[in-house]
Enquirer: 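Please find one structure pasted underneath; my questions will follow.
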Amino acid sequence: MDKHQQQLSLAKSSRQSCNEWIFRDVPSDITIEVNGGTIALHKFPLVSRSGRIRKLVEEHRDSDISRVELMNLPGGAESFELAAKFCYGINFEITPLNVAQLCCVSDYLEMTEEFSKDNLRLHAEQYLESIVYKNLEMCVEVLQQCENLLPHANELNIVSRCIDAVASKACAEQIALSFSRLEYGSSGRLHTIRQAKCEGDWWIEDLSVIRIDLYQRVITAMKCRGVRPESIGASLVNYAQKVLTKKVDLVSTGHQKLVVETIISLLPVERLAVPISFLFELLRNAVMLDCTIACRLDLERRIGSQLDIATLDDLLIPSFRHGCETLFDVDTVYRILVNFSQQDDGEYDMDDVSIFESDSPHSPSQSALLKVSKLVDDYLAEIALDVNLKLSKFIAIAEALPAHVRTIHDGLYRAIDIYLKTHKAILDADKKRLCKLIDFQKVSQEAGAHAALNERLPLHSVVQVLYFEQLRLRNALCCSHTDGNHKPVHQQSWRISSGALSAAMSPRDNYASLRRENRELKLELTRLRMRLNDLEKEHVCMKRDMAKSHSHKFTSSFSKKIAKLRFFRHSSSRGSSSPSRQSYRADSKVIERTCASIE
């Protein structure tokens with residue numbers, strides 16, 4: 001049944017109900033036409049309350065008008081029936097389901113205090129102010145009724161006042177709940193009791209029934225009022241689940257696209273305000289419904305900022321594009337990885353050394369990097385089974401993360417082995433290009449043993465595996481050898497562990513470590529210069545003594561000074577090597593020249 005037929009049926013039912021309460025003993029003298037239907041009524045009750053009908057009758061007084069058509073009456077025949085009842089003095093109940101209609105129809109018919117005291121508009125406004133605006137559930141009901149009364153409900157500020165009331169009530173509920181969770185501890189100080197997630201946000205379910213444009217205005221008002229981001233996120237999740245799980249047809253596809261784009265625009269800026277699985281679900285729908293590029297890029301950026309808590313199932317986004325032969329949307333995942341990688345160094349200038357003094361809140365931690373590297377390796381192993389996946393896309397995903405992120409290459413080796421097993425017709429040059437991604441120094445002993453016997457790997461890679469396995473074996477033998485000089489073994493062991501540690505560190509951490517070492521060496525150099533100044537002063541004193549006397553005492557004293565100098569040089573040479581060693585050598589030459597001048 002289309003909208004016109006619905007209006008005709010409503011008009012017919014209204015006409016039948018009117019026959020039950022109008023004056024049957026007095027013949028009607030005016031016919032009101034509303035939305036194609038007609039209702040026979042009397043002029044006097046209508047003219048006494050409605051300014052609009054009074055003006056129409058007065059304009060056609062000479063022709064004795066008997067028929068009036070009310071065009072674009074808000075609420076249709078149902079609303080006019082309520083207004084007519086009020087004109088006839090018939091009592092009826094004002095409820096949240098009809099108060100918006102009464103406000104709009106009374107404004108249209110000009111049923112105000114200007115034409116009659118205690119008119120319909122006054123009663124409707126009093127009900128809104130005294131009852132509806134003080135109750136959140138009633139405000140939601142009125143908003144739902146306003147969907148069919150636009151733009152009249154907007155012009156009368158019914159929608160905006162209900163939205164403000166909903167936002168205020170939700171904010172007040174959270175403030176009251178926060179105070180109720182305060183209690184004194186054993187120390188006499190106030191502390192907050194941890195609450196369950198979204199406790200007190202009972203309004204979330206109520207908001208899921210209103211239309212998306214009104215819902216957007218409600219959520220925007222709640223943000224301005226200071227409602228918690230977690231509550232906003234929970235409401236968005238609930239609304240999306242209610243709408244996006246419905247059966248999809250050609251008409252609802254456009255509506256679902258609007259819903260997805262609106263919810264994306266309403267997402268809180270705070271991290272973890274919504275589950276990352278929900279962000280991935282929105283992204284899948286955005287790709288499937290062909291939402292705007294800006295919406296998809298915003299989702300990819302948000303996902304990239306918290307990729308360390310994602311799962312493999314989240315990343316496996318099906319390919320919805322026509323003509324795409326791959327099973328999964330690899331391009332979208334690649335952009336997400338780029339967003340994650342750019343957090344580490346994309347927002348900073350490497351020339352600004354102050355950024356390395358402390359960790360940035362925007363940069364991912366080392367544990368997050370390790371989690372994402374394992375996640376990416378698992379994703380590579382999954383997409384490697386796709387026979388239509390191009391080598392360039394596989395390599396792009398593998399290289400999307402910085403080289404220092406992968407401390408162990410077992411997962412990457414497994415994914416490449418699966419790709420080689422699935423794509424048996426791959427060229428030898430492409431095999432070499434693919435295996436260059438693996439650092440065989442970072443594979444475990446088990447993975448190295450498997451790679452040494454893997455016939456799918458190119459010969460160059462097998463030779464690398466055998467070479468590094470030989471080095472590993474020799475280092476193990478050196479460490480277990482207890483005879484001979486223990487010091488070189490200890491130093492060699494230290495160098496191996498130091499190299500592994502630096503491989504696991506990001507360039508930012510390496511830079512900070514070098515800065516600390518540089519400061520220590522500068523401090524040591526300052527001590528050397530102070531000692532050199534003391535020696536120069538002693539040298540001046542000794543020359544003065546030599547001018548006065550060439551006795552044996554002076555020779556003995558000078559030999560003692562030289563012995564102290566040699567001991568100082570010997571102890572300083574035990575320091576760690578660094579970029580500042582050249583400065584130390586320059587100062588040593590100055591000392592030597594000083595000694596030569598003394599002699």
Side-chain angles (χ1 to χ4, degrees), residues 3 6 74-76 78-79 94-104 124 127-129 131-174 198 200-248 251-268 273-274 278 282 285 289:
K3 185 177 181 180
Q6 289 179 351
E78 183 180 358
S79 297
I94 301 179
T95 67
L97 299 179
N98 63 20
V99 65
Q101 292 180 341
L102 294 176
C103 282
C104 293
Y127 184 83
L128 284 174
E129 294 290 342
I131 298 178
V132 172
Y133 295 149
K134 296 181 180 180
N135 187 285
L136 191 148
E137 292 177 335
M138 289 186 177
C139 287
V140 173
E141 290 180 2
V142 173
L143 283 176
Q144 195 174 5
Q145 298 302 316
C146 287
E147 295 174 2
N148 299 321
L149 298 172
L150 299 177
H152 297 87
N154 268 331
E155 295 171 355
L156 297 176
N157 295 324
I158 300 175
V159 175
S160 60
R161 285 183 290 174
C162 285
I163 289 174
D164 289 340
V166 170
S168 299
K169 294 297 180 184
C171 185
E173 288 279 347
Q174 291 192 350
C198 297
D201 297 338
W202 47 267
W203 46 266
I204 290 177
E205 190 67 28
D206 295 335
L207 294 184
S208 62
V209 300
I210 61 178
R211 206 167 63 186
I212 184 62
D213 55 337
L214 298 179
Y215 177 79
Q216 181 181 18
R217 294 173 62 179
V218 171
I219 295 299
T220 303
M222 284 185 171
K223 287 183 177 181
C224 295
R225 291 279 185 176
V227 177
R228 289 195 309 265
E230 296 81 6
S231 302
I232 298 293
S235 179
L236 294 173
V237 172
N238 183 73
Y239 193 93
Q241 289 175 346
K242 290 291 182 65
V243 175
L244 300 179
T245 54
K246 295 179 180 179
K247 187 178 179 180
V248 180
V251 177
S252 60
T253 298
H255 177 251
Q256 288 190 345
K257 178 180 178 180
L258 176 63
V259 170
V260 171
E261 292 177 349
T262 303
I263 289 179
I264 293 173
S265 67
L266 294 173
L267 288 172
V274 295
F278 175 67
L282 280 180
N285 281 280
L289 297 172

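Keep in mind it's a predicted model, so treat the numbers as computed, not measured.
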Enquirer: Just wondering, do V218 and W203 contact through their side chains at under 4.5 Å, heavy atoms?
Expert: no
Enquirer: Any side-chain heavy atom of P96 within less than 4.5 Å of one from Q145?
Expert: no
Enquirer: If every non-hydrogen atom of L214 is compared with every non-hydrogen atom of L143, which pair is closest and at what distance?
Expert: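 In this case the closest contact between L214 and L143 is CD1-O, 3.4 Å.
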Enquirer: Please round to the nearest 0.5 Å and tell me the distance separating atom SG of C162 and atom CZ of R217.
Expert: 10.5 Å
Enquirer: Side-chain contact, heavy-atom cut-off 4.5 Å: V142 with Y133?
Expert: no
Enquirer: Hey, does L150 have a side-chain heavy atom less than 4.5 Å from the side chain of R211?
Expert: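 Yes; the side chains approach each other to less than 4.5 Å.
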Enquirer: Please evaluate residues D206 and V166 with respect to the criterion side-chain contact (heavy atoms from CB on, under 4.5 Å), reporting the C-alpha separation (whole Å), side-chain torsions for both, the decisive distance (0.1 Å), and the verdict.
Expert: CA-CA 11 Å; D206 295 335; V166 170; over 6 Å; no
Enquirer: Closest approach of A100 and I158, non-hydrogen atoms and distance?
Expert: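 Looking at all heavy atoms of both residues, the closest pair is O-CD1, 4.3 Å.
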Enquirer: Does the side chain of E205 come within less than 4.5 Å of K242's, by heavy atoms?
Expert: yes
Enquirer: Quick one: pull up OG1 in T95 and OH in Y127 and give me the separation to the nearest 0.5 Å.
Expert: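 Between T95 OG1 and Y127 OH, I get 6.0 Å after rounding to 0.5 Å.
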Enquirer: Would C139 and R161 satisfy side-chain contact (heavy atoms from CB on, under 4.5 Å), going step by step from the backbone distance to the final call?
Expert: CA-CA 9 Å; C139 287; R161 285 183 290 174; over 6 Å; no
Enquirer: As an exercise, state the distance from OG1 of T262 to CD1 of I212, rounded to the nearest 0.5 Å.
Expert: 4.5 Å
Enquirer: Just checking K134: does its NZ atom have more than 12 heavy atoms from other residues, nucleotides or ligands closer to it than 6.0 angstrom?
Expert: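 Counting neighbours around NZ of K134, 12 or fewer heavy atoms of other residues, nucleotides or ligands fall under 6.0 Å, so no.
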Enquirer: Could you tell me which residues satisfy side chain to side chain donor-acceptor pair (under 3.5 Å) with S235, sequence neighbours excluded, listed by chain and number?
Expert: Y215
Enquirer: Would you call K169-E137 a salt bridge at under 4.0 Å N-O?
Expert: no
Enquirer: Check whether Q174 reaches the backbone of R228 with its side chain - one donor and one acceptor, N or O, closer than 3.5 Å.
Expert: yes
Enquirer: Please report the shortest heavy-atom distance between Q256 and V243, naming the atom on each side.
Expert: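 Nearest heavy atoms, Q256 then V243: NE2-O, 3.4 Å.
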Enquirer: Can you see which heavy atom on G233 is nearest to which on V274, and at what distance?
Expert: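 Heavy-atom minimum between the residues: CA-CG1, 3.4 Å.
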Enquirer: Let me see the working for S265 and Q216 under side-chain contact (heavy atoms from CB on, under 4.5 Å), right down to the final yes or no.
Expert: CA-CA 9 Å; S265 67; Q216 181 181 18; 4.1 Å; yes
Enquirer: Where do C146 and A153 come nearest, in terms of heavy atoms and distance?
Expert: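 Closest pair (atom of C146, atom of A153, distance): SG-CB, 3.8 Å.
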Enquirer: What's the separation between atom CG in D213 and atom CD in E147, rounded to the nearest 0.5 Å?
Expert: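 Here the interatomic distance stands at 7.0 Å.
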Enquirer: Is it the case that the side chain of Y239 and the backbone of I210 share a donor-acceptor pair, with hydrogens and angles ignored and the cut-off at 3.5 Å?
Expert: yes
Enquirer: Let me confirm one number: the CG-CG distance from L207 to L136, rounded to the nearest 0.5 Å.
Expert: 7.0 Å
Enquirer: Does the side chain of L282 come within less than 4.5 Å of L267's, by heavy atoms?
Expert: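 A side-chain contact under 4.5 Å exists here.
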Enquirer: Locate the shortest heavy-atom distance separating L102 from A124; write the atom from each residue and the value.
Expert: CB-CB, 4.2 Å
Enquirer: In Å and rounded to the nearest 0.5 Å, what is the CD1 to CD1 distance from I232 to I204?
Expert: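 Between atom CD1 of I232 and atom CD1 of I204 there are 8.5 Å.
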